[in-house]
Asks: 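Following this message is one structure expressed as C-alpha cells.
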Protein chains: 2
Amino acid sequence: MASKARHTDRRTDALSRERIVATAVELLDAAGADGLTFRALSAELRTGAGAIYWHVANKSELLGAATDAVLAGATTVAEATPEAEVRALALGLFDAIDEHPWLAGQLAQGPWKSEALRIFERLGQRVQALGVPGPAQFTSATALMLFIVGAASQNAANAANAAELRRAQPDASRTALLAGESTMWEGLDPGDYPFLHDIAGQLREHDDREQFLAGVDLILAGIAALRPQA
Amino acid sequence: MASKARHTDRRTDALSRERIVATAVELLDAAGADGLTFRALSAELRTGAGAIYWHVANKSELLGAATDAVLAGATTVAEATPEAEVRALALGLFDAIDEHPWLAGQLAQGPWKSEALRIFERLGQRVQALGVPGPAQFTSATALMLFIVGAASQNAANAANAAELRRAQPDASRTALLAGESTMWEGLDPGDYPFLHDIAGQLREHDDREQFLAGVDLILAGIAALRPQA
DNA sequence: ACCTGAACACCGTTCAAGT
DNA sequence: ACCTGAACACCGTTCAAGT
C-alpha cells in the first residue's frame with residue numbers, strides 16, 4: 001500500500017530509516033515474524049548488520065515502526081452512520097492482519113501507541129456519536145478494539161494453520177482441508193464437550209469474515225443497550 | 001495453586017515431566033517469558049540441558065504444558081445464574097493472567113487447545129443456557145473469550161509497565177505513578193485526539209477489575225439482545 | 001530407559017575501525 | 001555523519017557417549 005519506488009532504485013540509494021522499515025515489512029510478509037533478522041535484513045539491504053542500528057534503536061522499535069507503516073494505510077473511513085463506520089474500521093483492521101499476520105503478535109501487547117492509538121481514538125469518536133454516556137465510553141471503545149484485534153488475530157492464526165496443512169498435503173481438496181480442520185473439534189468426546197460438539201457443524205461451513213462482522217454487531221448491540229433510552 | 005511438595009523434595013527425586021513443568025512455571029513467574037531458558041531450567045533442575053528433551057518435545061510444548069498447569073486450577077465455578085457463572089469464569093481468567101503475565105502471550109495465539117478449550121467450552125454452555133439461538137452461539141462464546149483474554153492481557157501489560165516505572169523511580173508515590181501513566185494520554189494533542197482527551201480524566205481514577213467486569217457485562221448485554229424475545 | 005554436556009547453527013547487540 | 005564486519009553473550013536443539 002504505502003510503498004512507492006518498489007524496485008526501481010535498486011543500486012545505491014541512501015540507507016534511510018524509511019527504506020529499512022519498508023524492507024523489514026517485506027521480510028515479515030514473506031517469512032513471518034521469525035523472518036525478520038538483522039542478518040537477513042542487512043543482507044537484503046546490502047550493508048553491514050550494525051549499520052541498521054544507526055537508524056533504529058533495536059528490534060522492538062523496528063517492529064513498531066513496521067506496524068505503524070502498515071497500519072497507516074489500512075483504515076480510511078467515510079460512512080453514513082457511526083455503526084457503519086465502526087464496521088468499516090473493523091474490516092480495515094481485519095484485512096490488514098489477514099494480509100500481514102505478524103501484525104497480530106505486535107498488536108496483542110500494547111495497541112496503545114501511534115497508529116493503533118489513532119484507530120482506538122477513531123473507534124472512541126464513533127462510540128461518542130452513538131450517544132453512550134461518558135463513564136461507559138472507555139469500556140465500549142476498549143471492548144471493540146480488543147474484539148477486533150483478537151478476532152482478526154485468531155483468523156490470521158487459523159489461516160496460517162491452514163497454509164501449513166496445505167503444505168503438508170498439497171493435493172487435498174478444499175473440502176478435505178476444511179474437514180481436516182474440524183477434525184480437531186469433532187475428535188473431542190461429546191460427553192466432555194457438549195457445546196463444541198453442538199457447534200462443530202456450523203464451524204465446518206462458516207465464513208470467517210461474516211463471523212467477524214457478527215461479533216462486531218454483537219458488541220454494537222451491547223453498546224446500544226447502554227444508551228439512556230432504548 | 002497446583003503446587004504440592006514445594007521445597008521439601010530438594011535432593012534427587014526423578015526428573016519427571018511434572019517436575020519440569022512446575023519448575024518452568026516458577027521461572028516464568030519469577031523472570032517473565034524471557035526467563036524460561038533451557039539452560040536456566042536445567043541449572044535449576046541440576047541436570048543437563050538435553051535431559052529435558054527426553055520428557056518434552058520442545059520449548060513450544062513446554063510453554064503449552066505450563067499454561068495448562070496454571071489454567072487447570074484457575075476456574076472452578078458454581079453460581080446461581082449463567083450470567084454470574086460467566087462473570088466468575090472471566091474473573092478467574094483475569095486473576096490467573098494477572099498473577100502469571102506470561103499467560104497473555106501464550107493465550108493470544110490459539111486459545112483453542114486443552115485447558116483453554118475447556119474454558120471456551122464452559123463459556124459456550126452458559127451462552128446456550130442464556131437462550132441464544134444456535135447460529136449465534138459460536139459468535140457469542142468467541143466474543144466473550146476474546147474480550148476476556150484480551151482485556152486481561154492488557155491489564156497484565158499495564159501492570160508490567162507500572163512495575164517498570166516503579167523500579168525506575170522507587171520513591172515516587174502511588175498517585176505520582178498513576179499521573180505518570182496518564183501523562184502518556186494527556187500529552188497528546190487534544191485537537192488530534194479529542195476522545196482520548198475526554199476520557200483521560202476517568203482513566204486516572206479507574207479500577208482495572210471494575211472496568212473489566214463492565215466490559216463483560218457489555219458483551220452479555222449484546223448477547224441478551226440476540227434472544228428471540230426481549 | 002534415562003541422563004550428560006559438548007557442539008551446531010543460529011540470534012540481537014556492540015564497538016573499534018574505517019570513510 | 002555514516003557505514004563495516006568481526007566479536008560478544010547469548011539462544012534452542014541435537015547427538016554421541018555414558019549409566
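Each chain gets a letter, A, B and so on, in the order its sequence line appears, and its residues count up from 1.
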Asks: If we call it a pair only when both distances are under 3.5 Å in a Watson-Crick or G-U wobble match, what pairs with D:dC8?
Replies: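 By the stated definition (distances under 3.5 Å), C:dG12 pairs with D:dC8.
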
Asks: Quickly work out the A:E61 CD to C:dT13 P distance and round it to whole Å.
Replies: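 These atoms are roughly 11 Å apart.
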
Asks: If you only use heavy atoms from C-beta on, which nucleotide in D:dG12, C:dC11, C:dC2 is closest to the side chain of B:Y53?
Replies: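 Given the options D:dG12, C:dC11, C:dC2, the side chain of B:Y53 is closest to D:dG12.
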
Asks: Pick base, sugar-phosphate or nothing for B:L36, based on heavy-atom distances below 4.0 Å to the nucleic acid.
Replies: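 Result for B:L36 = sugar-phosphate.
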
Asks: Would you please indicate yes or no on a ring centroid separation below 6.0 angstrom for B:F147 and A:F147?
Replies: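 No, too far apart.
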
Asks: I need the CZ-P distance between B:R17 and C:dC3, as an integer number of Å.
Replies: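 Distance, rounded to whole Å: 14 Å.
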
Asks: When the C1' atoms of C:dC2 and D:dA17 are compared, how many Å lie between them, rounded to an integer?
Replies: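 Rounded to whole Å, the distance is 13 Å.
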
Asks: For B:R39, is there an ion pair with B:E44 - N to carboxylate O distance below 4.0 angstrom?
Replies: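 Not counted as a salt bridge, because no side-chain N and carboxylate O are separated by less than 4.0 Å.
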
Asks: Provide, to the nearest angstrom, the distance between the CG atom belonging to A:L27 and the P atom belonging to C:dC11.
Replies: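 That distance rounds to 12 Å.
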
Asks: State, to 0.1 Å, how close B:S114 and B:D68 come at their nearest heavy-atom pair, and which atoms those are.
Replies: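 The answer is OG-OD2, 2.7 Å.
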
Asks: Using the C1' atom in both, what is the distance from C:dA9 to D:dC10, to the nearest Å?
Replies: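 So the two C1' atoms sit 13 Å from each other.
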
Asks: For A:R39 and for A:I52, locate the closest nucleotide of DNA chain D by heavy-atom distance; then report the residue assigned to the nucleotide nearer the 5' terminus.
Replies: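 Result: A:I52.
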
Asks: Between D:dC10 atom P and A:K59 atom NZ, what is the distance in whole Å?
Replies: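 Checked: the NZ to P distance equals 18 Å.
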
Asks: Nearest-Å distance, CG (A:D34) to P (D:dT13)?
Replies: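 Taking atom P of D:dT13 as the reference, CG of A:D34 is at 11 Å.
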
Asks: Once you apply a heavy-atom cut-off of 4.0 Å, does B:T37 come out as touching a base, just sugar-phosphate, or nothing?
Replies: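 The residue B:T37 makes sugar-phosphate contact but no base contact.
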
Asks: Can you check the B:F38 CZ to C:dC10 P distance for me, whole Å?
Replies: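 My rounded result for the distance is 18 Å.
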
Asks: Please report, rounded to the nearest Å, how far the C1' atom of C:dC2 is from the CG atom of B:L15.
Replies: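 That distance rounds to 9 Å.
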
Asks: Taking atom C1' of C:dC3 as reference, at what distance in whole Å does atom NE2 of B:H55 sit?
Replies: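 That distance rounds to 8 Å.
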
Asks: Considering only D:dC2, D:dC3, C:dC3, which nucleotide approaches the side chain of A:W54 most closely?
Replies: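 Among the listed nucleotides, the one closest to the side chain of A:W54 is D:dC2.
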
Asks: For atom C1', what is the distance between D:dC8 and C:dC11, given to the nearest Å?
Replies: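 The answer is 12 Å between these two C1' atoms.
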
Asks: Counting heavy atoms from C-beta on, name the nucleotide in D:dC8, C:dC8, C:dC3 closest to the side chain of B:A51.
Replies: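 It is C:dC3.
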
Asks: Please identify which of these residues, A:D34, A:L107, A:D29, A:I97, meets the side-chain contact (heavy atoms from CB on, under 4.5 Å) condition with A:W102.
Replies: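 One option only clears the test, and that one is A:D29.
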
Asks: Write down the atom of B:N58, the atom of B:Y53, and the distance for their closest heavy-atom approach.
Replies: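 The answer is CA-CE2, 4.2 Å.
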
